[in-house]
Amino acid sequence: MLFKPKVYMYDFPQVKMGEKRIMLPLFVLVALFGMGSWLGVNGIWMELPLTISSLPEAWSLPSYLAVTFQVANIAPILLTILSTWKPGKVPERPIIQLILAVQIMAMLLLSFFWHRTSIIGGVSHSSALLSLSFFLAMCNTTSNIVFLPYMAIFPMQYMTALFVGMGLSALVPSLITLVQGVGGSTVCVNTTVVSVVNETFNRSEVVQLPVESAPVFSVAVFYGLMTVLMCISAGAFGLLLVLPFVKKHHVKQLHSLASYSESEDTKKPLKDENGIDSSCESDIPKHIDERSRLSLTPQQQQSKPMPTLTFIWLLLLEAFICALAHSVLPSIQAYSCLPYGKRALHLSICLSNIANPIACFIPLFISTNDLKWLSAKSLLGTGFSAYIVFLAFASPTPPFQDSALGEVLVILAFIAALGLFSYLKVCIAGLLRNEGKRALFWCGVVTQAGSAIGALLMFPLINATDIFTMVQPCSR
């Protein structure tokens with residue numbers, strides 16, 4: 001070959017954020033990729049105020065979706081079993097590509113068939129929405145287990161970008177529904193209702209019926225926009241696989257939690273050609289002296305395994321946080337907010353979703369490895385959550401119901417609780433990232449396990465008991 005074309009490599013400028021430097025194009029690509037993690041489920045939940053009024057399940061539709069989403073956990077459960085049985089044999093890239101492709105197809109089908117129903121057992125059900133929601137939920141729940149281990153090939157600061165993208169998966173649908181008009185106020189209209197008492201006498205009475213404001217665009221258009229966003233996320237992942245400057249930022253060696261030798265005093269974990277530990281039986285590293293670890297430099301700390309109790313506590317903390325943030329608080333949000341009016345519910349959803357990605361940026365500037373400090377912040381977030389749960393129990397007559405103070409307090413409580421939990425999830429993932437891909441895998445496992453436990457706990461409390469009472473429109 002007489003002529004060989006030159007391939008020019010452009011060195012993009014790096015930006016200093018806190019104590020770390022990031023390459024903006026790579027940060028943006030990772031964030032757009034992370035946006036595809038929970039976009040499907042979040043989009044369906046954000047659109048519930050419109051779909052509920054058009055589908056046969058009516059207000060019981062959220063409970064049907066909750067059951068559907070929990071059944072979808074079979075996918076991450078099977079993947080966890082496979083990964084435990086065959087450590088290091090589960091390829092993240094093909095699974096991620098499948099997840100993104102299925103979500104694109106499901107969202108596209110929803111835009112055309114979301115309103116289709118079928119007769120099952122003599123009862124009309126939203127078969128199209130529920131079945132496609134199942135596939136979307138399978139993809140979203142599995143993303144927790146495969147997205148985090150994949151990010152182990154990048155430096156720590158780009159883990160923050162992934163969580164920013166996960167926050168965008170809630171923020172972007174929220175902003176779209178805000179424009180759509182889902183949060184419009186309900187108007188109570190006086191209507192005369194005539195009832196037949198007997199053949200010669202009819203009784204009429206004037207009642208107030210709620211009238212919802214029409215959306216700016218339809219549900220079908222909303223799901224079409226979600227399809228476009230999923231295509232953007234898939235395109236970002238494709239670029240992460242092929243762009244040369246992305247590959248230059250891969251971390252070549254990371255130690256893993258796959259297994260360690262029985263005696264750390266006499267043996268060291270074996271590494272394969274990729275620098276991943278694969279030698280022994282335990283998934284959790286042996287105990288090392290915490291004081292000596294804290295006295296090491298950051299580079300030296302990364303070469304030592306995390307103490308067993310610290311590792312277990314971080315996983316338990318992650319599971320508890322995810323149970324509250326992903327299941328408990330969203331399940332009772334209507335009961336906590338609707339007594340103060342529809343505006344309180346609307347603003348608590350939108351503003352907390354906006355706070356989510358903002359909180360994910362904070363660890364770039366304010367991060368901590370102090371376990372006690374992380375635990376204290378978790379306790380603070382739990383306090384805000386307890387107030388929200390109290391308001392839900394007090395529905396339909398919570399404190400300060402007829403004042404602006406009550407509305408402001410419940411909105412701020414949701415913003416503070418969910419914002420703190422988002423910040424803590426990034427900090428915990430950052431600590432576990434230093435322990436390798438296996439630690440991030442288990443972080444993904446407990447993230448979904450905590451979410452599932454919270455959902456399974458709240459479902460019977462809401463649907464099988466009278467603990468929570470919904471405020472009906474125009475009833476006040």
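The first residue of the sequence shown is numbered 1, and numbering continues consecutively from there.
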Which heavy atom in [X] sits nearest to a heavy atom in [Y], and how many Å separate them?
X      : Y      : result
Met226 : Pro173 : SD-CG, 4.0 Å
Thr117 : Ser126 : CG2-CA, 4.2 Å
Thr141 : Ala72  : OG1-O, 3.8 Å
Met159 : Ala429 : CG-CB, 4.4 Å
Cys443 : Leu148 : SG-CD1, 4.1 Å
Ala452 : Asn73  : CB-ND2, 3.9 Å

In Å, rounded to the nearest 0.5 Å, how long is the span from [atom1] of [X] to [atom2] of [Y]?
X      : Y      : atom1 : atom2 : answer
Phe222 : Met107 : CZ    : CE    : 7.0 Å
Leu409 : Phe414 : CG    : CZ    : 12.5 Å
Tyr223 : Ile44  : OH    : CD1   : 5.5 Å
Gln103 : Leu98  : CD    : CG    : 10.0 Å
Glu92  : Ile99  : CD    : CD1   : 10.5 Å
Leu461 : Ile467 : CG    : CD1   : 5.0 Å

Quick one: does any side-chain atom of [X] pair with a main-chain N or O of [Y] as donor and acceptor, under 3.5 Å?
X      : Y      : value
Ser143 : Ser37  : yes
Ser336 : Ile388 : yes
Ser131 : Ala128 : yes
Ser174 : Ala170 : no
Ser395 : Ala392 : no
Thr227 : Leu108 : yes

TODO: Tell me whether the centres of the aromatic rings in Phe33 and Phe147 are closer together than 6.0 Å.
DONE: yes

Open item on the list: Once ring pair (Phe, Tyr, Trp, His ring centres under 6.0 Å) is applied, do any residues pair with Phe393, and if so which ones, sequence neighbours excluded?
Closed with: Phe468

TODO: Would you check if there is a donor-acceptor pair between the side chains of Ser348 and Gln333 at a distance under 3.5 Å?
DONE: yes

Open item on the list: Please tell me whether Trp313 and Ser375 have a donor and an acceptor in their side chains that are separated by less than 3.5 angstrom.
Closed with: yes

Do the non-hydrogen side-chain atoms of [X] and [Y] ever get within less than 4.5 Å of each other?
X      : Y      : result
Leu55  : Trp114 : yes
Leu240 : Leu26  : yes
Leu374 : Cys427 : yes
Leu412 : Val408 : yes
Ile176 : Val172 : yes
Cys139 : Thr142 : no

- [ ] Measure up the Phe27 and Tyr158 rings against each other and bin them: parallel (under 30°), tilted (30 to 60°), perpendicular (over 60°).
- [x] tilted

- [ ] If the plane angle is over 60° it's perpendicular, under 30° parallel, otherwise tilted; pick one for Phe154 and Tyr150.
- [x] perpendicular

- [ ] May I have all residue pairs that pass salt bridge (charged side-chain N to carboxylate O under 4.0 Å, His left out) and include part of residues 344-358, sequence neighbours excluded?
- [x] none

TODO: Report the C-alpha separation of Leu136 and Phe69 in whole Å, then their side-chain angles, then the decisive distance to 0.1 Å, and conclude whether the side chain to side chain contact (heavy atoms under 4.5 Å, CB included) test is met.
DONE: CA-CA 9 Å; Leu136 286 170; Phe69 293 159; over 6 Å; no

- [ ] In sequence, state the C-alpha distance, the side-chain angles, and the governing distance for Ile415 and Phe384, and then conclude on side chain to side chain contact (heavy atoms under 4.5 Å, CB included).
- [x] CA-CA 9 Å; Ile415 294 173; Phe384 288 117; over 6 Å; no

Task: Steps toward side chain to side chain contact (heavy atoms under 4.5 Å, CB included) verdict (Leu100, Ile96) - done: CA-CA 6 Å; Leu100 297 174; Ile96 292 174; 4.1 Å; yes

Exceeds 12 heavy-atom contacts within 6.0 angstrom, atom [atom1] of [X]:
X      : atom1 : value
Tyr387 : OH    : yes
Phe217 : CZ    : yes
Phe135 : CZ    : no

Can you give each donor-acceptor pair under 3.5 Å made by side-chain atoms of residues 314-329, sequence neighbours left out, with the distance rounded to 0.1 Å?
from, atom 1, to, atom 2, distance (Å)
Glu318, OE2, Thr447, OG1, 2.8
His326, ND1, Ser451, OG, 2.9
His326, NE2, Lys425, NZ, 2.9
Ser327, OG, Ser451, O, 2.4
Ser327, OG, Ala455, N, 3.4

- [ ] Could you walk me through whether Ile145 and Ile95 pass side chain to side chain contact (heavy atoms under 4.5 Å, CB included), step by step?
- [x] CA-CA 10 Å; Ile145 296 179; Ile95 295 177; over 6 Å; no

